[in-house]
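Numbers restart at 1 for each chain; the letters A, B, ... are given by sequence-line order, proteins then strands. None of the values given here were measured: they were computed from a predicted structure.
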Amino acid sequence: MERLKYIALKNKKDMEANKKVRVRFAPSPTGPLHMGGVRTALYNYLFARQNGGTFILRIEDTDSHRFVPGAEDYIIDSLKWCGIEIDEGVSVGGPHAPYRQSERAAIYKKYAEQLVEGGFAYYSFDTSESLNALRAEAESKGETFAYDASVRGSLETSIKLSAEEVASRIARGDVWVIRFKMPENRLVEMDDIIRGHMSVNTNTLDDKVLFKSADNLPTYHLANIVDDHLMEVSHVIRGEEWLPSLPLHYLLYEAFGWERPEFAHLPLLLKPQGKGKLSKRDGDKLGFPVFPTEWVSADGDVSKGYREEGYLPQAFINMLALLGWNPGTEQEIFSMDELINTFSLERVSKSGARFNPEKAKWFNTHYLQNSSDEFLASLLMPMLEKHGVKTIEEKAIAAISLIKNRISFPNDLFTQTSYMFIAPTEFDPKSIRKFWKEENVEHLREMISLFEAMDVVEAEAAEEAIREWVTANEYPMGKVMNTLRLAIIGVSQGPSILEICAFIGKDEMLKRINFALNNIPTK
RNA sequence: GCUCGAUUCGUCUAAUGGUUAGGACAAAAGAUUCUCAUUCUUUAAAUAGCAGUUCGAUUCUGCUAUCGAGUACCA
């Protein structure tokens, strides 16, 4: 209730201000984009599209140590495959270029200095070694070291040191950082579109590093706020892992005197079993992809991708959209356009969503089976060709129509139709034991004459003829048909065997029966 | 440990101060069939626990438990 009221008020305010919706997806190029990241991008995209806004891609590469070559291209390629179009940002440009933070390095320093001048931040000369020592010491006493108001006056900071000393240390090249001076004992009141109202006391927060001199780059916190402001971002939609830094970000906006955007923190994606959030490892272990597209790491490790595993992007997106959001109706199948129309941040759930690979498969089955015959044929024909089978679209479509309701992945198209194009040379031993006894084979021999009497084999007519013959002789229908099936396709499964016979034609059919009769020993 | 957040069938979730707590995936049973599937029809399956407010709470409040995130000169 509280939340709804807040949202209604916000929406009204936004409308009055006629504020343009601008959202950003801001991954750091430290590796392939995980499906949780894709969902974050998707929600941003849907929100932008729905409001006639702009979807920005910004690359947050302020950590020079964790940069992974190829990751940026991977992100762009994956978004493209998903149908998420970038309006502005890396790879397309825009009025606020550059959109790669490493290329914006020159921008941030003056903002950090502005904060120092305003008394909201300070220089700190402590080395990481000395800080590690302090942490270790605290830990040995069972305490946690926090760089906060209790220590900033006694450590090597511009608060303790004189202005001259600070200036000379900087001049002589000492390594420094700029830290945010967390105010003492203040209750920060925050609002989140998904979570509602929250508050936290600043005494529980520490003095985060905003700028590091070692590489002359800002940390995430500073770069993020500065860029969101400069790029006129209206809504920050990001993962829940950022929730603990929200008070800092509020305070940063306040210190700069900038209007802050709206915030929405998305719930996490959890692993299918056990504890914790979804990670790369889970996919390897449980056999499902964690990434939208395949990723090969520098040392040659291959991580599966949904694309390469045969998922259609529509299915992947539909599945992802429903992981943490629902329309409040019973509709589950959504095209991208439908998602754009019905999505709302207010209906995003607060708790983490456990990913279910079975459901992902179900979505793919749905989308694949509802694809056009032409599309499916275009997937099947190259696979047939790889196995030396040349065929025409018409024939491929005819085969597909027999097995359309049995496919979940494109590969199934081939495995389910291969025996229509390629005669079996091996026969399933289990089926042989069951359907290849003396009498079965006798019946099959008799059946040949039935087929020979036909000009062409047509499924319905053939079935009628067989039924008459079976009834007249009091033969078991099931056995007879399965023996035929075994001879024609080599296994005891698949669609109507007479449909298959009609598909391959009389000559091929008799050829296969003869081959079976000559090659399968009776039991 | 501390801070923040979360908790409805196995999973994703809907709904409500009074309902037989709804749907989907998965599971089970039956029907159909030449087999395997499909399809159809059924079934089973949940408000974490304890207090409080209330005529009445799963819904509101508090506590506990559990889970998650954060606690970096990473994002």
C1' gap between rA46(B) and rA15(B), integer Å: 14 Å
Contacts of Leu268(A) and Met198(A) projected onto RNA chain B by closest heavy atom; the upstream (5') one is Met198(A)
So if I take every side-chain heavy atom of Ser492(A) and compare against rU35(B), rU7(B), rA75(B), which nucleotide ends up nearest? rU35(B)
Result of checking Phe343(A), Phe363(A), Trp325(A), Tyr367(A) against Phe334(A) for ring pair (Phe, Tyr, Trp, His ring centres under 6.0 Å): Trp325(A)
In whole angstrom, give me the gap between the C1' atoms of rA29(B) and rC67(B). 35 Å
Minimum-distance nucleotide (side-chain atoms of Val209(A) versus rC73(B), rG22(B), rU71(B)): rC73(B)
What does Pro495(A) touch in the nucleic acid at a heavy-atom separation under 4.0 angstrom: a base, only the sugar-phosphate, or nothing? base
Across all strands shown, which nucleotide pairs with rG1(B) by Watson-Crick or G-U wobble geometry, both distances under 3.5 Å? rU71(B)
Any-strand Watson-Crick or G-U partner of rA15(B), both distances under 3.5 Å: none
Using modelled atom types and a 3.5 Å cut-off, is there a donor and acceptor pairing between side-chain atoms of Asp228(A) and backbone atoms of Val233(A)? no
With a non-hydrogen cut-off below 4.0 angstrom, is Ser496(A) in contact with a base, only sugar-phosphate, or nothing? base
rA75(B), OP1 or OP2 - any side-chain N/O from Thr30(A) closer than 4.0 Å? no
Rounded C1' spacing from rA51(B) to rA44(B) in Å: 33 Å
Any strand is fair game: report the nucleotide pairing with rU41(B) by Watson-Crick or G-U wobble, both distances under 3.5 Å, or none. rA29(B)
Name the nucleic acid region contacted by Thr127(A), choosing base, sugar-phosphate or nothing; use a 4.0 angstrom heavy-atom cut-off, strictly under. base
Is a salt bridge present between Arg169(A) and Glu156(A), judged by a nitrogen-to-oxygen distance below 4.0 Å? yes
Nearest-angstrom distance from the residue atom CZ of Arg135(A) to C1' of rC2(B): 15 Å
Listed nucleotide nearest any side-chain atom of Leu243(A), set rG5(B), rC34(B), rA15(B): rG5(B)
Any base atoms under 4.0 Å from Trp242(A), or only sugar-phosphate, or nothing? Heavy atoms, all strands. base
Intermediate values then yes/no, side chain to side chain donor-acceptor pair (under 3.5 Å), Ser124(A) and Tyr147(A): CA-CA 11 Å; Ser124(A) 157; Tyr147(A) 207 120; 3.0 Å; yes
Expressed in whole Å, how much space separates the C1' atoms belonging to rC60(B) and rU16(B)? 13 Å
Can you tell me, in whole Å, how much space there is between the C1' of rA72(B) and that of rC63(B)? 34 Å
Using whole Å, what does the distance between atom P of nucleotide rC4(B) and atom CE of Met190(A) come to? 9 Å
Watson-Crick/G-U partner (both atom distances under 3.5 Å) of rU8(B): none
Nearest to the Glu358(A) side chain among rA26(B), rG70(B), rA75(B), which nucleotide is it? rA26(B)
With C1' as the reference atom in both, quote the distance from rC12(B) to rU47(B) in angstrom, rounded to an integer. 16 Å
Which part of the nucleic acid, if any, lies within reach of Asn224(A) when heavy atoms closer than 4.0 Å are counted: base, sugar-phosphate only, or nothing? nothing
Arg238(A) side-chain N/O to rA69(B) phosphate OP1/OP2 under 4.0 Å: no
Closest to the side chain of Val200(A), out of rU3(B), rG10(B), rA24(B), is rU3(B)
My understanding is that a pair needs two contacts under 3.5 Å, Watson-Crick or G-U wobble. By that rule, which nucleotide pairs with rA21(B)? none
rC73(B), rG1(B), rA75(B): which one has an atom nearest the side-chain heavy atoms of Thr62(A)? rA75(B)
Could you check which of rG23(B), rA14(B), rU3(B) has an atom nearest any side-chain atom of Thr204(A)? rU3(B)
Scan every strand shown for a Watson-Crick or G-U wobble partner of rC60(B), both distances under 3.5 Å, and answer none if you come up empty. rG52(B)
Nearest to the side chain of Asn326(A), which nucleotide is it out of rC34(B), rA14(B), rU38(B)? rA14(B)
Which nucleotide sits closest to the side chain of Arg179(A): rU38(B), rC73(B), rU3(B)? rC73(B)
With sugar-phosphate meaning primed atoms plus P, OP1 and OP2, does Lys404(A) contact a base, only sugar-phosphate, or nothing at under 4.0 Å between heavy atoms? nothing
Without swapping roles, check the side chain of Ser78(A) against the backbone of Ile75(A) for a donor-acceptor pair under 3.5 Å. no
Let me know the distance between NZ of Lys271(A) and C1' of rC12(B), rounded to the nearest Å. 19 Å
Looking only at atom P, what distance separates rC9(B) and rA21(B), rounded to whole Å? 15 Å
For Val177(A), answer base if it contacts any base atom (sugar-phosphate contacts may also be present), sugar-phosphate if it contacts only those atoms, and nothing otherwise; contact means non-hydrogen atoms under 4.0 Å. base
So does Asp207(A) get a backbone contact from the side chain of Arg179(A), meaning a donor-acceptor N/O pair under 3.5 Å? yes
Would you call the rings of Tyr253(A) and Phe263(A) parallel, tilted or perpendicular, taking 30° and 60° as the class edges? perpendicular
Students often get this wrong, so: under 4.0 angstrom with heavy atoms, is Gly324(A) touching a base, only sugar-phosphate, or nothing? sugar-phosphate
Below 4.0 Å: OP1/OP2 of rU35(B) and any side-chain N or O of Asn482(A): no
Within the 4.0 Å heavy-atom criterion, would you say Arg354(A) contacts the bases, only the backbone, or no part of the nucleic acid? sugar-phosphate
How far does the P atom of rA28(B) sit from the matching atom of rA37(B), given to the nearest Å? 11 Å
Check every atom of rC73(B), rG22(B), rA69(B) against the side chain of Lys212(A) and return the nucleotide holding the closest atom. rC73(B)
Tested for side-chain contact (heavy atoms from CB on, under 4.5 Å) against Cys501(A), the lone hit among Arg485(A), Glu463(A), Met509(A) is Met509(A)
